[in-house]
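Below, chains carry the letters A, B, ... as their sequence lines are ordered, and counting in each starts from 1.
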Amino acid sequence: MLELKNINMSFALKGKFFQTEKRAVVIRDFDLTIGDDEIIAVVGESGCGKTTIGKIVTGLLAPTSGEVLFNGENIRRTKRNNKSDYRRNVQFIQQDSYAALNPVKTIHQSLCAAIEIAEKGISKEKKQQRLEELMGFVGLTPIEHFVFKYPHQLSGGQRQRVLMARALALNPKLIVADEPVSMIDVSLRIAILKLIEKLNRELKIAFIYITHDLATAKYIADKGRICVMYLGDIVELGNIDEVLFHPKHPYTQALVTAVPVPDPSYRGTRGEIPVKGMEMTKLTERGRGCSFAPRCPYATEECSQEDIPYVEINGVKVKCRNIEEVPVWT
Amino acid sequence: MEKRYIAEFDHVSIDYEMVRLCLHAVNDVSMKLEKGKITAVVGESGSGKTTLASALLNCITSPGRVVGGRVIVHSEKRGEDIDVTALNEKQLNDFRWDIVSMVFQGAQSSLNPIVTILNQFYETYKIHGGKESKKEARKIFAKLLERVNLSERVLDSYPHEISGGMKQRVMIALALLLRPEIIILDEPTTALDVITQSYIFGLLKSINEEYGTTMLLLTHDIAVVAEYADNLGVMYGGRLMEFGTVEDVFARRFNPYTEGLINATPSLRRDADTLTEIPGTPIDITNLPPGCVFADRCLKKTERCEIVSPDDVDMGGGHMVKCHLYAEGEQDA
Ligand SMILES: Nc1ncnc2c1ncn2[C@@H]1O[C@H](COP(=O)(O)OP(=O)(O)OP(=O)(O)O)[C@@H](O)[C@H]1O
Ligand SMILES: Nc1ncnc2c1ncn2[C@@H]1O[C@H](COP(=O)(O)OP(=O)(O)OP(=O)(O)O)[C@@H](O)[C@H]1O
Ligand SMILES: [Mg+2]
Ligand SMILES: [Mg+2]
């Protein structure tokens with residue numbers, strides 16, 4: 001359904017110290033296809049470009065180069081009414097729920113606006129019905145307690161669910177959910193993850209699920225794929241169980257090591273996280289080669305210099321030049 | 001060794017009174033913060049964590065108001081007990097940041113986008129009576145940033161020029177500026193990757209140990225609590241349902257809500273199919289039931305649970321649970 005082809009994205013850095021324009025390459029040679037009712041989890045370090053990819057997919061940002069194809073059509077070149085179709089079909093649930101809702105509109109106003117876009121001239125009764133259905137879907141009941149509130153009067157998790165309801169109002173085919181459960185408690189998290197699964201199964205809505213929480217990624221994309229990013233590169237892409245239980249790329253291995261276990265009796269049993277240093281490489285200082293090389297315990301000098309091709313291991317695409325040196329995960 | 005407490009919530013209740021309705025966001029919560037320890041509060045979204053913690057700073061967002069109880073801080077810095085709820089505007093300004101500081105939920109977006117980090121630090125510094133010139137103060141700030149492993153260069157950056165993990169560390173450094181006795185951390189690592197998260201908690205833990213700073217950690221993340229906190233409070237519907245050491249609460253999980261919460265926690269070590277959510281919908285805090293707030297969703301409820309609100313039951317070793325299952329003699333009564 002959706003195809004990302006060789007996407008590159010860079011931002012111009014403006015600042016009083018720069019005479020010549022510098023560019024920060026945020027996304028590099030990004031290729032990904034998303035099937036009709038697929039769920040793909042995207043994980044990675046903060047600042048690695050997950051949100052940027054989300055914005056490119058939803059058409060909020062135009063990539064510097066590369067193409068986004070929706071059902072074979074380039075979304076940038078389609079005619080106007082197809083474009084608004086695309087806007088409706090692909091919904092973005094933003095990470096920052098504070099910023100995503102209009103602060104001077106009540107929840108009722110925000111949701112009804114979306115419902116009206118989905119169905120012009122909808123009758124008052126049907127609108128109310130739809131509103132109740134949507135709020136019920138995301139577990140904001142009884143609805144009278146929420147709909148007349150302004151965004152700042154809701155808790156973080158409540159706001160995130162309002163965003164989910166608003167996205168659903170438009171009957172999309174693909175939802176890009178950027179950290180949709182980060183502020184939600186575990187029980188509700190399961191409920192929302194189940195909701196995503198259900199929407200995927202019953203309404204055939206595809207999801208790109210952006211998260212930093214590997215445990216929920218495993219849950220949601222149980223049979224799906226996971227895409228591990230580091231500084232704008234896909235470093236590992238494949239079946240979720242294979243990636244999480246047999247991580248191959250050094251960065252994925254570090255990530256999996258760092259996942260805390262929800263049981264205090266495991267405290268302190270976690271090994272050292274196999275990375276060098278905690279600072280990400282600056283985007284402007286990165287060479288052509290592997291972005292993880294400066295922090296990778298197995299990297300050699302060549303790793304930062306050469307273009308790195310993908311290798312395929314057990315059906316998983318891994319971008320590592322030195323994969324033979326990386327210990328097999330046990 | 002006897003436990004020492006630095007702050008006490010004493011039967012605190014907080015309402016948000018609005019035109020159409022009144023939300024009882026926090027209801028008769030008593031909890032003590034052990035000095036020099038990390039106390040975590042977990043509970044579902046809307047259970048009142050942020051509201052409760054805000055009372056420690058007397059900065060509940062309007063129209064919220066403490067309608068019952070008191071919050072006391074036993075300040076060593078001041079050498080006196082401070083009744084936070086009774087402070088006037090001026091006293092409060094001196095109290096915030098100096099005695100208690102808070103890293104707010106979503107703090108990363110609370111940095112002013114058009115002001116450099118240096119100026120944001122300097123502003124806070126000035127407001128709290130900092131006397132040094134900007135040039136001198138810069139050195140102080142650089143030291144603080146070094147404590148959270150950030151280079152001095154960060155001071156000249158604007159918020160958008162640094163990553164989320166860096167911003168969060170900037171906020172933590174800012175909270176440390178006046179070397180407060182208590183730091184409240186509201187979801188400090190939400191939306192940060194696990195490597196950065198583990199790094200930030202490593203830093204917090206070392207600050208906690210080095211300065212003896214007491215920390216109040218509000219989070220949804222049960223795994224983080226299991227890994228880093230000392231004590232744990234579990235909130236539901238504005239009430240404190242269970243409180244004890246992290247080990248005790250995880251191992252004994254007396255309250256059915258605590259049990260439900262732990263059973264709903266995803267983990268890489270756990271099969272997704274074994275996860276169970278807590279059935280039912282969150283409680284309506286505008287219309288509190290006469291009985292236990294969790295009764296509606298509780299798998300172990302009895303008739304009594306719907307009629308009488310349970311009292312705190314002391315299970316020994318400072319472990320408290322609010323549940324009829326453990327109240328002695330009640331069954332016969
Ligand atoms: N408009 C912009 N101008 C300049 N740089 C930008 C812009 N938007 C994003 N960036 C930079 O691009 C990089 C990727 O940002 P992005 O928000 O996509 O990361 P992310 O993976 O979503 O991070 P997080 O997990 O913290 O949300 C960051 O280094 C960010 O500073
Ligand atoms: N300014 C306000 N006006 C009205 N109601 C409010 C206000 N702030 C919070 N509330 C309500 O008070 C209740 C408790 O909110 P609080 O923010 O303390 O919850 P929380 O436990 O921190 O939740 P989360 O984990 O989602 O941050 C919620 O039902 C919320 O909607
Ligand atoms: Mg993001
Ligand atoms: Mg909160």
Verdict with reasoning, B:Tyr199 to A:Ile273, per side chain to side chain contact (heavy atoms under 4.5 Å, CB included):
CA-CA 10 Å; B:Tyr199 181 54; A:Ile273 301 170; over 6 Å; no
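- The neighbour count for B:Asp296 CG, taken as heavy atoms of other residues, nucleotides or ligands under 6.0 Å away, does not exceed 12.
- Proximity of B:Arg20 to A:Glu144: side-chain heavy atoms (C-beta onward) are nowhere separated by under 4.5 Å.
- By the 4.0 Å N-to-carboxylate-O rule, B:Glu227 lies close enough to A:Arg270 to be salt-bridged with it.
- Here NE2 of A:His152 is found 6.5 Å from OG of B:Ser62. Values are rounded to the nearest 0.5 Å.
- Contacts of A:Leu255 with chain B are made by both backbone and side-chain atoms, with heavy-atom separations under 4.5 Å.
- Heavy atoms closer than 4.5 Å to chain A are found in the backbone of B:Val225, but not in its side chain.
- Of the atoms belonging to B:Tyr228, heavy atoms from both backbone and side chain fall under 4.5 Å from chain A.
- For A:Glu132, the CD atom sits in a packed shell: over 12 heavy atoms of surrounding residues, nucleotides or ligands are nearer than 6.0 Å.
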Using side chain to side chain contact (heavy atoms under 4.5 Å, CB included), reason through B:Val246 and A:Arg267 one step at a time and then give a plain yes or no.
CA-CA 11 Å; B:Val246 168; A:Arg267 192 180 281 197; 3.9 Å; yes
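- B:Ile278 touches chain A through backbone and side chain together, each having a heavy atom under 4.5 Å away.
- Summarising the local packing, CD of B:Glu17 is surrounded by 12 or fewer heavy atoms from other residues, nucleotides or ligands at distances under 6.0 Å.
- Considering every non-hydrogen atom in both A:Leu214 and B:Leu268, the closest pair reads O-CD2, 4.0 Å.
- Side chains of B:Asp284 and A:His145 form a contact here, defined as non-hydrogen atoms less than 4.5 Å apart.
- With a 4.5 Å cut-off on non-hydrogen atoms, B:Ala229 touches chain A through its backbone but not through its side chain.
- Ranking A:Gly268, A:Gly139, A:Pro142, A:Ala258 against chain B, the residue ahead of the rest is A:Ala258, based on heavy-atom pairs under 4.5 Å.
- For the atom pair CG of A:Asp213 and CG of B:Asp193, the computed distance is 11.5 Å after rounding to the nearest 0.5 Å.
- Here B:Ile195 contributes atom CD1 and A:Thr257 contributes atom OG1; the two are 8.0 Å apart, rounded to the nearest 0.5 Å.
- A:Lys149 and B:Leu23 make their closest contact through NZ-CD1, 3.3 Å (heavy atoms, listed as atom of the first residue, atom of the second, distance).
- If you tally non-hydrogen atom pairs under 4.5 Å between each of A:Thr141, A:Val43, A:Val261 and chain B, the highest count goes to A:Val261.
- When A:Pro260, A:Gly44, A:Ala254 are compared by the number of non-hydrogen pairs under 4.5 Å with chain B, A:Pro260 comes out ahead.
- Contact annotation for B:Ser267: both backbone and side-chain heavy atoms come within less than 4.5 Å of a heavy atom of chain A.
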